[in-house]
There are 2 protein chains.
Amino acid sequence: MELVEARQKFIETWGKLGSEWGINRTMAQVHALLLISPEALTTEEVMEALSISRGNANMTLRDLISWGLVEKQLKPGERKEYFFAEKDAWTIARQVAQERKKRELDPLLKVLNDLSEVKGSEKDPAYKTFKSSVKGITKLSANVNKTLETMIKAEENWFWGSILKIFK
Amino acid sequence: MELVEARQKFIETWGKLGSEWGINRTMAQVHALLLISPEALTTEEVMEALSISRGNANMTLRDLISWGLVEKQLKPGERKEYFFAEKDAWTIARQVAQERKKRELDPLLKVLNDLSEVKGSEKDPAYKTFKSSVKGITKLSANVNKTLETMIKAEENWFWGSILKIFK
DNA sequence: ATAAACTTTCAATAATTTTTGAAAGTTAAA
DNA sequence: TTTAACTTTCAAAAATTATTGAAAGTTTAT
């Protein structure tokens, strides 16, 4: 396969994967493009490479920055902003884990905690089922939470390596 | 909080969570409803409880079945089909992990493998960056893959317990 | 101060995804 | 059979989400 074709395919695949995980396709594609670009790119270059509008490129790049996946680069003597992506896969995974934890898991834990205080009678099957389902999900979420916290703190390689070792 | 309100909130929260993870909101809500229902429900009851159409209820229930999260129950002497959800959180997590692995990770690994065979020159920075990014993602994906395989096989409680222990 | 280079905003539009509901299909009892 | 109970399908409509692009905003150099 030729590089041009392979790059195309990579951008497409990463975009599809993103959209399956609740990340807007264009955002994943811009990320993919920067991932495989040796140099930082301008908004103009991103627009060009992916055939998207200026507004879209701008918003998407800002989003990626807020996810901690992309950074601005300022070149001395130039007005333009350049953008480049963190390339290390483990760092990307940690960054995404951290953001999703903050945006989703933390609020979920809060809600589950509220729900655990529901009032009702132990004789009521609806009450009992509710309680026990919420409890089960709470327990799992708490475990996921702890694991993510550890993952976020963990050094490169260390985490998965350790996990895998115990299963040998 | 009253049970009726809490159930409402749970359904809403689960639905929102689902949509943040690429699962259609209604599907997650139907799942939530069944999760907190002591008895299996009919299509009619699901339609009623969530104010959705027959077509939507039917498709959603079939989807949930294909995800292994919901099962049909046939009551002797009745024509109607009843639906109930697996209630154990760990089993649900495993089931989802298994399905997403099959639907997304396995195909991704295939594509990454193809992409690793791209032709080009080691002098070309675009080639080098492409290769190294793909390699990094491939390595991470392979680790996720192994971990999921283990998780899918693992017994209740065992998996997370083990993970957490090494971080104590 | 003005202009030029560049970035951001956002209302309108387009694309995509989800939902509806009525018709067609299926199954089992009479 | 025929009918009635129930399930499935799918084209059209609605809802949601993403994108555009031109205008407004900002910053720097002169």
Side-chain angles (χ1 to χ4, degrees), chain A residues 11-12 14-34 39-67 69-84 103-104, chain B residues 11-12 14-34 39-67 69-84 103-104:
Chain A
I11 290 170
E12 179 196 319
W14 206 239
K16 188 170 152 223
L17 192 71
S19 70
E20 287 164 342
W21 287 86
I23 283 127
N24 148 330
R25 203 179 70 244
T26 301
M27 183 167 153
Q29 287 181 341
V30 171
H31 184 227
L33 173 65
L34 294 177
E39 304 291 342
L41 303 183
T42 61
T43 301
E44 210 76 37
E45 289 169 319
V46 170
M47 289 166 61
E48 162 74 16
L50 301 176
S51 305
I52 62 175
S53 72
R54 183 174 304 285
N56 197 4
N58 179 269
M59 280 181 148
T60 297
L61 285 166
R62 277 194 295 126
D63 259 4
L64 284 167
I65 289 170
S66 86
W67 276 83
L69 296 174
V70 164
E71 287 176 47
K72 283 188 187 177
Q73 189 173 69
L74 297 168
K75 298 201 178 180
E78 289 205 54
R79 293 276 310 268
K80 266 187 295 231
E81 295 176 329
Y82 288 77
F83 301 90
F84 69 98
R103 296 176 191 209
E104 295 157 25
Chain B
I11 290 169
E12 179 198 320
W14 205 239
K16 187 169 152 225
L17 192 71
S19 71
E20 286 164 343
W21 287 86
I23 282 127
N24 149 331
R25 204 179 69 243
T26 301
M27 184 167 151
Q29 288 180 340
V30 171
H31 184 227
L33 173 65
L34 294 177
E39 303 291 341
L41 303 182
T42 62
T43 301
E44 210 76 36
E45 289 170 318
V46 170
M47 289 165 60
E48 161 74 15
L50 301 176
S51 306
I52 62 175
S53 71
R54 183 174 304 284
N56 197 3
N58 179 268
M59 279 181 151
T60 297
L61 286 165
R62 278 194 294 125
D63 260 4
L64 283 167
I65 290 170
S66 87
W67 276 82
L69 297 174
V70 164
E71 287 176 48
K72 282 188 188 178
Q73 190 174 68
L74 298 168
K75 298 203 179 180
E78 290 203 55
R79 293 279 306 273
K80 267 187 296 233
E81 294 176 330
Y82 288 77
F83 301 90
F84 69 99
R103 296 176 191 208
E104 295 157 24

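We name chains A, B, ... by the order of the sequence lines, and we start the count at 1 in each one.
- Both B/Gly55 and A/Tyr82 lie near DNA chain C, and the one whose nearest nucleotide falls closer to the 5' end is A/Tyr82.
- Applying the 3.5 Å distance criterion, the base of C/dT7 shares no donor-acceptor pair with the side chain of A/Arg54.
- No N or O donor and acceptor, one from the side chain of B/Arg62 and one from the base of D/dT8, sit under 3.5 Å apart.
- For the pair B/Gln29 CD and C/dT19 C1', the computed distance is 13 Å after rounding to whole Å.
- Cation-pi geometry between A/Arg103 and A/Trp67 is satisfied (NZ or CZ under 6.0 Å from the ring centre, within 45° of the ring normal).
- Ion pairing between a basic and an acidic side chain is recognised when a charged N comes within 4.0 Å of a carboxylate O; A/Arg54 and A/Glu44 show such pairing.
- The side chain of A/Thr26 lies closest to D/dT19, out of D/dA5, C/dT9, D/dT19.
- Across all strands, B/Asn56 comes closer than 4.0 Å to base atoms (heavy-atom distances).
- Under 4.0 angstrom from either OP1 or OP2 of C/dT16 there lies no side-chain N or O belonging to A/Asn24.
- In this structure, CD of A/Glu78 is placed 19 Å from P of D/dT27, rounded to the nearest angstrom.
- Spacing between atom CE of B/Met27 and atom C1' of C/dT19 amounts to 16 Å, rounded to whole angstrom units.
- Among the protein residues, B/Ser51 comes within range of the sugar-phosphate backbone only, with heavy atoms under 4.0 Å from sugar or phosphate atoms but none that close to a base.
- Atom C1' of nucleotide C/dT27 and atom NZ of B/Lys80 are separated by 16 Å, given to the nearest angstrom.
- Between B/Glu44 atom CD and C/dG21 atom C1' the separation is 13 Å, expressed in whole Å.
- Protein atom CG of B/Leu50 is 15 Å distant from nucleotide atom C1' of C/dT18, rounded to whole Å.
- Rounding to whole angstrom units, CZ of residue B/Arg25 and C1' of C/dT17 are separated by 12 Å.
- Side-chain proximity of A/Met59 to C/dC10, C/dT20, D/dC6: nearest is C/dC10.
- The distance between atom CD1 of B/Ile52 and atom P of D/dT8, rounded to the nearest whole Å, is 14 Å.
- In this structure, the nucleotide among D/dT19, C/dT19, C/dT8 sitting nearest to the side chain of A/Lys72 is C/dT8.
- At least one test fails for A/Lys72 against the ring of A/Phe83: distance under 6.0 Å to the centre or angle within 45° of the axis.
- Between B/Asn58 and D/dT8 there is a side-chain N or O to OP1 or OP2 distance below 4.0 Å.
- The side-chain heavy atoms of A/Leu34 and A/Phe84, taken from C-beta on, include no pair separated by under 4.5 Å.
- Residue A/Thr43 places its side chain closer to C/dT7 than to any other of C/dT7, C/dT19, D/dT20.
- Counting heavy atoms from C-beta on, the side chains of A/Lys16 and A/Glu20 come closer than 4.5 Å.
- Out of C/dA4, D/dA4, D/dA18, the shortest distance to the side chain of B/Arg79 is found at D/dA4.
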